[in-house]
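Working notes for the structure below.
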Amino acid sequence: YSLDGAANAIAAAIPGAVAAGARGGASELLALLARYEPNVVFNLCEAPLGRTDLEPHAAALFEWLGVRFTGARSDTLALCRRKDLVSPILRDRGVAVPARLQRESPAFPCIVKPAAEDGSATLDHESVCDDAAALARALGRIPAPVVIEEFLPGREFAVSLWGRYDPDYVSVGEMVFLNGLRLITYAAKWHVESSDFADSPLFYDSAIAPELREAIVAAAKGAWYAVGARHLLRVDIRLDRAGCPRVLDVNPNPEISPDVGISRAVREAGFEWRDFIHKLVEWA
């Protein structure tokens, strides 16, 4: 975890909590655990030592030591970072996902994503490819391994779920794309001053037919169980040409700062953020 806005806000919401910043080395985490002897660790660790591939390692350390912690287990964190692995597992569990394509026999439009990154890393306007030349350019600028999927043309939804071991609570928001934007790019997710951010507002009061909402929630809950989630999860879902929901991405460690990400979803569902934080600690 780090001393960012989320960590300080969460510490302020929990009586007796301490926000302890760490670069994420194992010996450093062990020293912090020995110093504070916590009853529960609120795990906000995303990139130990600046490496996103080490995200599951802090959770694995807590598991090894028998320390209670919030959020996903290490195996879920490791799985969901690998788009090339999680998509087949979802499909095998009956959760609809976009079709996987091969570079030798693509279909258009398609989208190129890094296989082992999250947070919309590398995604921009050129990630969606409408012809072979665009695909070649996209493949040339992303280090292997990559995933090539069909690009779904329908509406996109951000589904937040939370509960101890079951997704007891759900909040559904809809992304609206403006001015020709076709997907959530890295800028749209993280650069609040960018045109992509302005062109991809998220609404929680959009009109979703009851049958469609039921199908969206069912797909998100299917993803929860397929990856072995607990406590909280965000699932990105998009409709295919037939209007059927397909799971694009599963994030077991979503942004949790006040008023954004899953915290906004919780508030939109009528929950107080502080109560949500307390629940996560209780569920650990």
- Message: I'd like to know if the side chain of W224 and the backbone of L232 have a donor-acceptor N/O pair within less than 3.5 Å.
- Response: no
Using a strict threshold of under 4.0 Å (side-chain N to carboxylate O), is an ion pair present between D236 and R234? yes
Problem set entry | T185 side chain to D124 backbone, donor-acceptor under 3.5 Å | no
*asked:* Parallel, tilted or perpendicular: which one describes the rings of Y169 and W283, with boundaries at 30° and 60°?
replied: parallel
Taking every heavy atom of I237 against every heavy atom of P245, the minimum-distance pair comes out as CG2-CB, 3.6 Å
Whether the side chain of K83 engages the backbone of E117 through a donor-acceptor N/O pair (distance < 3.5 Å, no angle test) should be reported.
yes
Hey, is CG on N39 packed in by over 12 heavy atoms from elsewhere, all under 6.0 Å?
no
Check your understanding: Under a 4.5 Å side-chain heavy-atom rule over Ile, Leu, Val, Met, Phe, Trp and Tyr, are F42 and V266 clustered together?
Key -> yes
Smallest heavy-atom separation, L32 atom then G21 atom, equals CD1-O, 4.1 Å
Relative to each other, are the rings of H191 and Y186 parallel, tilted or perpendicular (30° and 60° limits)? perpendicular
Checklist line | Flag, side chain of R73 to backbone of G228, donor-acceptor distance under 3.5 Å | finding: yes
Within 45° of the six-membered ring axis of F151 and under 6.0 Å from that ring's centre, is NZ or CZ of R241 located there?
-> no
Ring centres of F271 and W162 under 6.0 Å apart? yes
Query - D166 (side chain) donor-acceptor with D168 (main chain) under 3.5 angstrom - result: no
Please examine the side chains of S263 and D259, heavy atoms only from C-beta on, and report whether any two atoms are closer than 4.5 Å. no
- Message: So that I can tick it off, tell me whether R213 and E174 are bridged by a salt bridge, with the cut-off set at under 4.0 angstrom between side-chain N and carboxylate O.
- Response: no
Other residues, nucleotides and ligands only: do more than 12 of their heavy atoms fall within 6.0 Å of CD on E37? no
From the list L33, L29, T70, V281, side chain to side chain contact (heavy atoms under 4.5 Å, CB included) partner of V41 resolves to L33
> Looking only at atom types and distance, does a side-chain atom of T76 sit under 3.5 Å from a main-chain N or O of V227, one as donor and one as acceptor?
Replying inline: yes
Should K113 and E149 count as an ion pair when the cut-off is N to O under 4.0 Å? yes
Would you say that more than 12 heavy atoms from the other residues, nucleotides or ligands in this model lie under 6.0 Å from the CZ of R100, or not? yes
